[in-house]
Amino acid sequence: MKRFLLPLLFVLGVASAKSPAFTAKDLLGSARLSPAVPNPAGTLALFSASIYSFDEHKSTKSFHVVDLQVTNGKVSKLWDDKNIAETTWLGSGDFVAYLKTNGTKSELWVAKAILGDSAGSVQQVYTFPGVVSNLKIRSLGDSFHFVVSAPAFKDGSIYSEDSAPKKHSTGRVYTSLFVRHWDEWISEYKTNLFSGIITRVGDEEFKIGPDPRNLLHGTDLETPVAPFGGTGDFDISPDGKHVIFLSKDPQQDLAQNTASYVYAVPFDGSAKPKAINPHHGASSSPRFSPDGSKVVYLQMRENGYEADKNEIFVTEFNADYNFVITQIAKQWDRSPASVIWSANNNYLYLIAEEFGREKVFILPIISTSPDQNSHLDPNVTLGEFSASEIYVIADTETLLVSASSLTSPTFYLLVPATKGTATPLMSPMMTLNNVESTPELGTWHGLSRSQVSDFWYTGTDDYKVHAWMVKPSYFDKSKKYPLLFFIHGGPQGAWIDGWSYRWNPAVMAEQGYVVVALNPTGSTGYGKKFTDRIQNEWGGRPYHDLEMGFDYIEKNFDFIDTKNAIAAGASYGGYMINWIAGQPLGKKFKALVCHDGIFNTINMYATEELWFIDHDFNGQIFEHRQHFERWNPVGHVKNWSTPMMIIHSSKDYRIPISEALAAFNVLQIKGIKSKFLTFPDENHWVLKPENSLVWHKEVLEWMAEFTGLKVKIGEVESGQPAESAPEMIADGQTVPHKQDILNP
Ligand SMILES: *[C@@H]1O[C@H](CO)[C@@H](O)[C@H](O)[C@H]1NC(C)=O
Ligand SMILES: *[C@@H]1O[C@H](CO)[C@@H](O)[C@H](O)[C@H]1NC(C)=O
Ligand SMILES: *[C@@H]1O[C@H](CO)[C@@H](O)[C@H](O)[C@H]1NC(C)=O
């Protein structure tokens, strides 16, 4: 495999001051950049930035373009407007279409993006009767075919809060699953896809044709697929005549099945949607080739297994929707998260996790004959850092990659797909964060790549286990640092060389810890077998891998004080904290931090996505109770003695808060030092900046009490009403990555 490594500049010397290069307040109060999207001409890229101010207790949102034709990319601000929900390029010029929220309605606007400090002409084109989202546009000269998603009334029209029947009771009745999903109670209004046409009627004047039409009416289908689907769940054909979209099969129980299919439907709604792929597991990333002749999509084999390998399928596309589908790169032991086409229709570009990084790969489509393609392994195009989104620049072979690292939030790179060196576009990040000198690539705010390293050790059954290590910026190898032992969620997930606003290893390391984040059995990016080996083994193989990892750290890193150690984890990582608390490993830590952990595996039947627990415990509770009991933390609470902090919030419907209440009851009754933190308005993740700052303060103070470190967080003011704080999704990504979902 040919790798295209980025030129890395290593900063020499170590900061002498033992104060954090950056704190939780810096983490949460800096600009969060969305992925950058190039215009069809490849001259500009559009991105948004959200900034939360802890002084004013409010957030601002701005929209910018970066000039792709100048070195380092000069940035121009288009708008400062919190009501603009999303933007997309319109046509091949510099027009941008955007959705703006006005009360209970969405408005469609068109504006001209101009380099300089002001936006060009702006025009409101349409008002939808309700709130719509996921605007996607296909340009056909002077007409622009678009789709948006919105909840629909039974008659197929867009749901409008103003015309919905008024209710005088809060009662809800369910006769099928789901009842609730992620952080919402399921409503009677299904999310459908609506198609419409914007026409250019003057130089800078646009109007919308007939009212948008519901393409899913009368089908029970829903798209995007909840709770994390977005514009990546559908596509419009280059000739504007067809739409492909993902939906789960409404005939199957939604809580027990992961199966979803790619459906094709005429853009004008003249026929009902038809599923184009065979019934297996979950499908994703359906994309028309630029010439419209083919469709690529990803699909898992196994229904009911959300972490099965994503396989790559290509089909010729024809208007009668009868397709011959070919699997390509069958033997490739990686699970791509997303796929796009090259401009010349000859290659696919994929983002896939490998060895703790989200890499970009290139895969040729020589022909759709299985014989010629089955032996091909994709080549690595970008093997450093973690890519979140990729776009092809115009008709070139250069990609615009939005990436991050363990030492930097979102930055943008121009990456040649086959040969040449990546060119960073650092100015968006510098401009938005008021940084004056260009940082080392993949770093910011005083952090350095020299803080990050990784190592491998031998785990259960001789499998090699990978782990990341993050040291403080002022690290001195002659000194000893307390260990912070990070256990990820999923369990089918991984710690990667990427940025996160939750469980950020760098913000913890800056407090004076050496953070070790391990990817034991069940982790993704190390081949299907390694991931699959956790089934029915929750407290088994991964537990032993963690024990062996702890021993390896003890024997190999003199600068880590394993007698002064804390273990912390969320979701499955929280389950593991509850598990190790009753096992020998738990006694090696001074204290534990359990975020949204499972305390009693039997109670997981109160979760929403039942396929998950049925798969991982290899059977349903009434048939295979012994599997659930085997690795049940509640069975070992008699042995609990290590101090534990518990965090769990009310809107966590994946792992209900009763788990935390039961565990805290046990800790308190047993007289074990313990602390409980809860937020009434947060889900499986703590997203609101003010809440997240409290999370950091409480967790850091808890750990410092046992490790003897001093907490430096920036000031937290008391008495701020959490309700008023807006939510911020990391990076403003429309489709959160698996890691985000699994690693709260
Ligand atoms: C992949 O790498 C091989 C070996 O370097 C090379 O021969 C081949 O052309 C590459 N393929 C692509 C699509 O870049
Ligand atoms: C919201 O829509 C109403 C009705 O069209 C309009 O009068 C008002 O100016 C809009 N508000 C904003 C903030 O754009
Ligand atoms: C629990 O504690 C008892 C008594 O100290 C000990 O014999 C047993 O091995 C412990 N079990 C575990 C799983 O640590």
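Read the numbers this way: they start at 1 and go in the same order the structure lists the ligands and their atoms. In what follows, every heavy atom counts, from backbone to side chain, and hydrogens, waters and symmetry copies are set aside. Note that this is a predicted model, so its numbers are computed, not measured.
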Is [atom] less than 4.0 angstrom from at least one protein heavy atom?
| atom | value |
| --- | --- |
| atom 5 (O) of ligand 2 | no |
| atom 9 (O) of ligand 2 | no |
| atom 2 (O) of ligand 2 | yes |

Inset, instruction - State whether D239 and R138 are salt-bridged, where the test is any N-O pair (Lys NZ or Arg NE/NH1/NH2 against Asp/Glu carboxylate O) under 4.0 Å. - result: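 Answer for the salt bridge query: no.
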Legend entry - K309 backbone acceptor or donor facing S335 side chain under 3.5 Å: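 The answer is no, because no donor-acceptor pair under 3.5 Å joins these two groups.
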Legend entry - Expected output: side-chain K136 to main-chain F146 donor-acceptor under 3.5 Å: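 No, K136 side chain to F146 backbone: no donor-acceptor pair under 3.5 Å.
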Legend entry - Atoms in ligand 1 with a heavy atom of Y347 nearer than 4.0 Å: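 In order of number, 13 (C).
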Inset, instruction - Could you tell me which atoms of ligand 1, counted from 1 in the order shown, lie closer than 4.0 angstrom to a heavy atom of T418? - result: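 Numbered from 1, ligand 1 contributes 14 (O).
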Inset, instruction - Kindly state whether the ring of F355 and the ring of H466 have centres lying under 6.0 angstrom apart. - result: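 No: the rings miss the under 6.0 Å criterion.
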Inset, instruction - Step through it carefully: locate the ring centre of W332, locate the ring centre of F361, and say whether they are under 6.0 Å apart. - result: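 That pair passes the under 6.0 Å test.
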Legend entry - Between N192 and T223, a side-chain donor and acceptor under 3.5 Å: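 Judged by distance alone, the side chains do not pair up.
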Inset, instruction - Measure the distances from the heavy atoms of E107 to every atom of ligand 2 and state whether one is below 4.0 angstrom. - result: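 In this structure, E107 qualifies as a contact of ligand 2 - some heavy atom is under 4.0 Å.
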Legend entry - Shortest protein contact, atom 14 (O) of ligand 2 (heavy atom only):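 That would be N102 ND2, 3.6 Å.
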Inset, instruction - Output yes when the distance from some N or O of ligand 1 to some N or O of N379 is under 3.5 Å, and no in every other case. - result: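 For ligand 1, there is an N or O atom that lies under 3.5 Å from one belonging to N379.
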